[in-house]
Amino acid sequence: MPQPLAAKMTNAGSSARMFASTVVTLGCAFIVLMAAGVAVVTALTREANRLEAQRQAERIEAAVNGQIRLSELRLEGLMSTNDLADALQQPQQMPALQATLKRLRSQLLDFDGVHIVSMSGSVVASIENMVPTAQGQSEGQRHLNAFLSGAKSPTVSVVIGDEALPQTGPTRTMVLNDSGETLLLTAIDLSRIMPIDVSSMRDQLSLIAYRHISASMLSELAERYRVADIRLVSSFPTDPSSVLALRAPDGTIGAWLTWSPARPGDAMLHRFLWALILVALLFSGIFVFVVQRLRAAAEQIELRERQIQRLAGQDELSLLPNRRSFDLTLDQSLADLAQSGAALAVVLIDLDRFKAVNDTYGHTAGDELIRQVASRLSGALQPGDTVARLGGDEFGIIRTHLPTQAGCAALGEHILACLTEPFIVMDVEVTIGCSIGIAMAPRDATNRETLLKLADTALYEAKNGGRNRYSFFEPQMNRSLQLKRMVEDDLRRAIENDELTLHYQPQVSVDGSTIVGVEALVRWPHPEHGMIPPSDFIAIAEERGLIVPLSEWVLRRACTEAKRWEGVRLAVNVSPIQFRHKDFVANVIRIIQETDFDPTRLELELTEGVLIEDADAAEAAMMDIRAHGVGLALDDFGTGYSSLIYLRRFAFDKIKIDRSFLEYMEATGESAILVHSMAHLGRALGLRVCAEGVETAEQHRFLQAIGCHELQGFLFSRGVPAEQIDRLLSVDNPFSEVLSAA
Ligand code: C2E
Ligand code: MG
Ligand code: MG
């Protein structure tokens, strides 16, 4: 059994799942890659912006500090002049010093003010370079005064507002802010830069110079370092990357220099945005391309998987072994069986109404139903059993483990119970059924082909028997089934090619002396199967819609042949389906006219089946046909739904007591009573009474005694070809020999 191999196979659809998972993985990778790309670009942009802002801040800070350093250098340069040194040798000559400072004024134009102050706080000399305010004192002067007023030897204190800041060391460089104005202050202990003996001096002197941080200075910075919107603010700005704290000597922040930093990263991004979009599109294109290639590859793989599964013996839908696998297993099991002498059973299962589910709910539902059936069947098995899907809605089971008739019957029952339970398919409850055929080896056959054929025959029988049942193969099924299939295939052609023929069975007067009528009985002389009786093909003709052409052929042929038997009635059988046809009466009349047959000689034999379905329509048709002079007989009386009501209501001319009553008449007295009653009843209703199936002289005598009018049976004659009727009619009392012999 190649099941293990099949089991190893990847399920059909696994490549589809692999493809889906690969696409998902690739998709995730693609998204991650794109997100990473965006993150890197954003980070690079930010970093470029940050670095440039930092560089600008450093440069601006250096520039501001440079200004202070420059001031110091300049002051040092100034104060080292001999003029100043000389002047300071004699402090009493301060006016001269002032004059010197004034003279140096042109060289001190960079400063807004320069003062020489003593540690006691008095201004020794100064260059007033500030515009007085409305209060009479310029801001610069005010700050300077504050600075000076707090000075104490040897420490200089700088006062901003109410706060006194102790200053140490000879050189002071500071930035002060008050009332929105920022000064760059440079204080130098003169003793540091002048070759004078400080001890000879009454007081230590400091030189203080200051500058406003002016608008022109800011614009110069902006221009040099390419920054926009540079300004001084007294509170901390919102963007910390573009700010420089200006501190007083004690570390407190006096003001912030702020500006809008250049954003080279942003600029770069804007410049190369199209390129980035292009790259993203390129990647997307590559992604789509790769996915398509993958899908094509997955489809190829799936196709190959299916081929492999088929070769490996697995049905791709139900995942059960397939027919090939089933055949191999059966071959193998039969080979084992030949050696071991054991038995096996083959069970074929055909679903009923599967097609209806497929047609109603679609193929997806049909597929789902097949899977569920496969699962239920698998659950119904015993260890050692093999179940396979043989195709469409057909399944097969091989039972090798001690199959007995009773065990297989139980399996059949179990499968019926499993499969007739409702299924839920795509949220809909569906009910199907199944037919089961069982054949056993070696009892029925020992090779696979035959065994399967026999199981199939049994299956066919189960279906014919009304479905939802199981049948074991029985030898007689074979012939009848073969015949049935042959009839199905050949009947139409046989009617069209005039291959059928008619026999006529005499209906004789009760004394047996005269042929009063003949019943036309159709026959099919088949080249292979011999003479086929009507019981073998009338029902199939009804099923296949061939009964109307068949009946018309019979009536036409019978009228044509019987025309020559003057004074003899012609009985023709009518099938219920034919009788219900809307053109039935018209057709009969047409044929009578076409064959120029005397309608009063024609008698149609109806069975009770014609009456029960639509009694009103039947009654109308019968009235119509009788109006044309055609007689009506109720055939097979007593076997169907006979009731007095029928006999009363419908206008029959004759009843034909079914031959089954005569068959049992000798065995049971009951039948004789029944026949007697029926004859009596017919007579009482004014009908002619005919008894069918008269085979013996005793029956004849009995029927005569109870008052039947006509007799029909093998005692007188079987159904015979027309030529024989010619001969029978050509002699007087044709059955005298038979009767006297009896
Ligand atoms: P049926 O109409 O009751 O025909 C009588 C059947 O009983 C005939 O069988 C006849 O051969 C058989 N029979 C007559 N006497 C005896 C007898 O003494 N012993 C036994 N054992 N049988 C006897 P056949 O010809 O096989 O016909 C069977 C049935 O087929 C007919 O039963 C009739 O219902 C149907 N049939 C025959 N020909 C036609 C036809 O042309 N059209 C239709 N619709 N049905 C037909
Ligand atoms: Mg008949
Ligand atoms: Mg009959």
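How far CH2 of Trp553 is from CD1 of Ile495: 9.5 Å, rounded to the nearest 0.5 Å. Leu606 contributes atom CG, which lies 9.5 Å from atom CG of Asn573 (distance to the nearest 0.5 angstrom). Taking CD1 of Ile540 as the start and CG of Asp489 as the end, the distance is 10.0 Å to the nearest 0.5 Å. To the nearest 0.5 angstrom, Asn587 atom CG is 9.5 Å from Arg556 atom CZ.
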Residues Glu368, Tyr361; criterion side-chain hydrogen bond (donor to acceptor under 3.5 Å, both in side chains); working and verdict:
CA-CA 11 Å; Glu368 176 57 23; Tyr361 302 110; over 6 Å; no

- Task: Kindly determine whether Asp598 and Leu602 satisfy side chain to side chain contact (heavy atoms under 4.5 Å, CB included), including the steps that lead there.
- Result: CA-CA 7 Å; Asp598 175 5; Leu602 181 65; over 6 Å; no

Open item on the list: Leu687 vs Leu681, test: side chain to side chain contact (heavy atoms under 4.5 Å, CB included). Steps then yes/no.
Closed with: CA-CA 9 Å; Leu687 306 176; Leu681 178 72; over 6 Å; no

Side chain to side chain contact (heavy atoms under 4.5 Å, CB included) for Leu334 and Leu451? Distances and angles first, verdict last. CA-CA 10 Å; Leu334 287 168; Leu451 198 59; 4.2 Å; yes

Item to complete: Verify side-chain hydrogen bond (donor to acceptor under 3.5 Å, both in side chains) between Ser435 and Asp352, making sure each step is shown before the conclusion.
Response: CA-CA 7 Å; Ser435 304; Asp352 297 330; 3.2 Å; yes

Go through the steps for Glu692 and Asp635 under the test side chain to side chain contact (heavy atoms under 4.5 Å, CB included), then give the verdict. CA-CA 9 Å; Glu692 287 187 289; Asp635 204 353; 3.4 Å; yes

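Salt-bridge annotation for Lys355 and Asp393: absent, with no side-chain N of the basic residue lying under 4.0 Å from a carboxylate O of the acidic one. A salt bridge links Asp653 to Arg626: one of the charged nitrogens lies within less than 4.0 Å of a carboxylate oxygen. Salt-bridge formation is not detected for the pair Glu496/Arg493: no Lys NZ or Arg NE/NH1/NH2 atom is positioned less than 4.0 Å from an Asp or Glu carboxylate oxygen.
Shown here are the side chain to side chain donor-acceptor pair (under 3.5 Å) partners of Arg601, two or more places apart in sequence or in another chain: there are none. The side chain to side chain donor-acceptor pair (under 3.5 Å) test applied to Asp624 returns no partner, not counting sequence neighbours. With sequence neighbours left out, the side chain to side chain donor-acceptor pair (under 3.5 Å) criterion links Arg376 to no other residue.
The side-chain tip of Arg718 points at the ring of Phe714 from less than 6.0 angstrom away and within 45° of straight on.
With no hydrogens or angles considered, no side-chain donor-acceptor pair links Asp490 and Trp524 at under 3.5 Å.
Taking a 6.0 Å sphere around NZ of Lys463, one finds it holds more than 12 heavy atoms contributed by other residues, nucleotides or ligands. The number of heavy atoms from other shown groups lying within 6.0 Å of CD (Glu499) is above 12. By the 6.0 Å contact criterion, CD on Glu566 is open, its count of non-hydrogen atoms from other residues, nucleotides or ligands being 12 or less. Under a cut-off of 6.0 angstrom, the local environment of CG in Asp732 is sparse, with at most 12 non-hydrogen atoms contributed by other residues, nucleotides or ligands.
Summarising the geometry of Val510 relative to Cys708, their closest heavy-atom pair is CG2-O, 3.1 Å, with the distance given to 0.1 Å.
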